[in-house]
Amino acid sequence: MSTTIKATAAGAVLALTLSVAYADDSVPENTVRIGMYYVHYHSSADDISGPYVPTGLNLSVEDVETLYLAYVRRLSEHFDLELAAGWPPLTKTEGRGPATLGSVPYNGQVISTARWFAPTLLLNYKFFDDSHAWRPYVGVGVNYANFYDRRSTAAGNAASGGPTSISLPVSVGVAGTVGMAYHLKGPWSLFLSYSASVVKSKLTADTAGVERTTDISFGPRALVFAGGYSF
Amino acid sequence: MSGIRGPFYSAVAVILLTACGSNSTTSEVATSTARGTLIESPPLRIASLDAAAFTAQLSATATGQELLELAGTPTCGVDFYYVQYWTVGGANEAATATGALMVPTGTGASCSGPRPIVMYAHGTTTDKTFNIADITNTSNTQGALIAALFAAQGYIVVAPNYAGYDTSSLSYHPFLNGEQQSKDMIDALTAARTALPLTLAAATSDNGQLFITGYSEGGYVAMATHKALQIAGETVTASAPASGPYVLSAFFDAVFYGDVNIGSTEFTPLITTSYQRAYGNIYSATTDIYEPAYATGIDTLLPSTTPIDTLFEEGKLPETALFSSTPPVTGNAVLDAALAVPKNPIFALGFGASNLINNDYRLSYVLDAVAHPDGAAPVPQPGLPLPAGPTNTLRIAAGLNDMRSWAPHAPMLLCGGDQDPTVFFSLNTGTMQAFWAAAGVPAEVVTVLDVNAAVAPHDPFAAAKVGFQTTEAEILASQGQTAAVESYHATVLPFCIAAARGFFSQF
């Protein structure tokens, strides 16, 4: 774990410890949110390397939309701890490079898919006080991304040369957010936020024992629109 | 903390429940190490080219255009598969090896459904990383040749890299070991037949016809494979060994007498290592055969990941000097004349100051050849028999692997060029033809093609002859005699393999 992530995690724990003691009992301490994630991947990858791979073969990741779920614990008037996660979206990876590999279509073909289990723990600082309906906030935290149901598509198998397994190790990286909360009435609120996370992994495709690899940075940027219920 | 525990864990639990699921799998890896077992199933397809794309790729380079002219425009696409299989080494030890399976594709009638198989045995290479399946490698000229000549014309091609090359688990190459190399070919064929219905081109299947061809070392291997399959009672439709050293005993004797072939300093370490590993009695120490300057490490030198020119530059091998330019003197005038540096300038290239084989070993070999002469050389004897009772272990090993041990039942084309300075045509091809004639093999079974011979009326091999002779004349005119001689063996290759296709097409 990097020094930055360790410091962020330690800060979150310290803030939690300090602020629970001073939480105002008259304000609901828990909020659940539900809404939509609109995820744009600002991805970049090294060219794929390995046996029988021509130069200039690369990847990109298609944008996704998915359900946003979060639990928020009020720590104090100005601090919240947010555990956010999207309903694991099916993320599609496209080939980038030559139009064909031999006679096999490549550029623009969806060559693999994976679902992401990617919760993010954020310590948010809210501006203004509890009397304000509009409360902008900023947050910093840690993202954990686990990629599962990893599959090479038929197009991917054709490009790779046969049935292919995909390995994509877990990523842990820094996450940040800016957002705006609006208190509607009673326990109900609306939220709009924009988040960015560092999600890096090493993609390894194994076809008949031949491995091709690339280091990939997914660079997810997530726009969230959600409603919340506090209790 | 108690207030946070319930909802927090519930949220995590909801999310974790969604994180279950399997990942797609790759090929299965065989657990058996039995001969002919396909290791990765299905095999990797390295590349897939339809007929138009293959034509376009060949048209893009000058050598590709020459190949198109020789092979004709592809009528089928070709899928190139990388096959890994279990075989054995020279001492019958289990070993992995790799090779190519090239499958014709496309909608043409000759491109799918039941198709004939051609096995191709490649020529000698010192490059340990050699992989004939890797059509993405522009230096893989033999792979491109057989793809264009056979696969793109509707033949399924099986071409092993040989044990000891590419990712083979064998640490050496069983060079010119007829028993091992025929097993290697047959094991590659078995694995390829297993792989074929599992490929992405599964519409193409084996029609039961089996053709075998190969060049140089591969010519020898093709003949050894024909022999082994025939003995095993397996189908061989026809074969076409080309420019192979079939008559190993006589060929080695000729070299030790002084007719040193081009490439001998590369072939010799491959031979001694191969036979030492198989029989264990070629030498007690490498210095028994080799000069001290080269003896250390020569048993593991070839094949190598280091380019052969670099090995020459580093002094690991002499480029041409197999024997000393100061040959041994015995006092026997006839023998001393035989051991002297020959007047033939090509053979004389095999003599120098920094020679590979020491004089003592050369003399002991030649004395054994004098005492137990081969029936094919230097003086042909009736029936061209192998030597009787040789004592030199290298000569014994050569005799064990010499092809004067069988006669074909299925049709065979023996192709080569009569001026070949690397694998002597008359001594090898001519001897086999005469040996089989003397053994009563019907003349129609064995056809001999010398691509350097004059074109006869209605000559079925006119194209191969004209093509070779035109190319050789162009090299002579543009690069000179030395280049023409040095490249002669390689120049014959495509024309003999093209002739093999024509020969096979009649069955």
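The figures here come from the full heavy-atom set of this structure, side chains too, leaving out hydrogens, waters and symmetry mates. Because the structure is a prediction, the values reported are computed rather than measured.
- With chain B as partner, the option from A:G162, A:P51, A:A158, A:P54 having the largest number of non-hydrogen pairs under 4.5 angstrom is A:A158.
- Proximity to chain A is absent for every atom of B:F80, based on heavy atoms less than 4.5 angstrom apart.
- At a 4.5 Å heavy-atom cutoff, the contact between B:T136 and chain A is made by side-chain atoms alone.
- Partner of A:V210 under the side-chain contact (heavy atoms from CB on, under 4.5 Å) criterion, out of B:L44, B:T167, B:I46: B:L44 alone.
- In the model, A:Y229 has no side-chain atom that pairs as donor or acceptor with a side-chain atom of A:N30 under 3.5 Å.
- Side-chain contact, A:W116 with A:T91: a donor N or O sits under 3.5 Å from an acceptor N or O.
- To the nearest 0.5 Å, atoms CG (A:L168) and NZ (A:K202) are separated by 11.5 Å.
- Using a 4.5 Å cut-off between heavy atoms, B:D79 makes no contact with chain A at all.
- Of the two parts of A:T100, neither the backbone nor the side chain holds a non-hydrogen atom closer than 4.5 Å to a non-hydrogen atom of chain B.
- A cation-pi arrangement is not found for A:R74 relative to A:F79, the charged atom failing to lie both closer than 6.0 Å to the ring centre and inside a 45° cone about the ring normal.
- Looking at A:A205, neither its backbone nor its side chain comes within 4.5 Å of chain B, counting heavy atoms on both sides.
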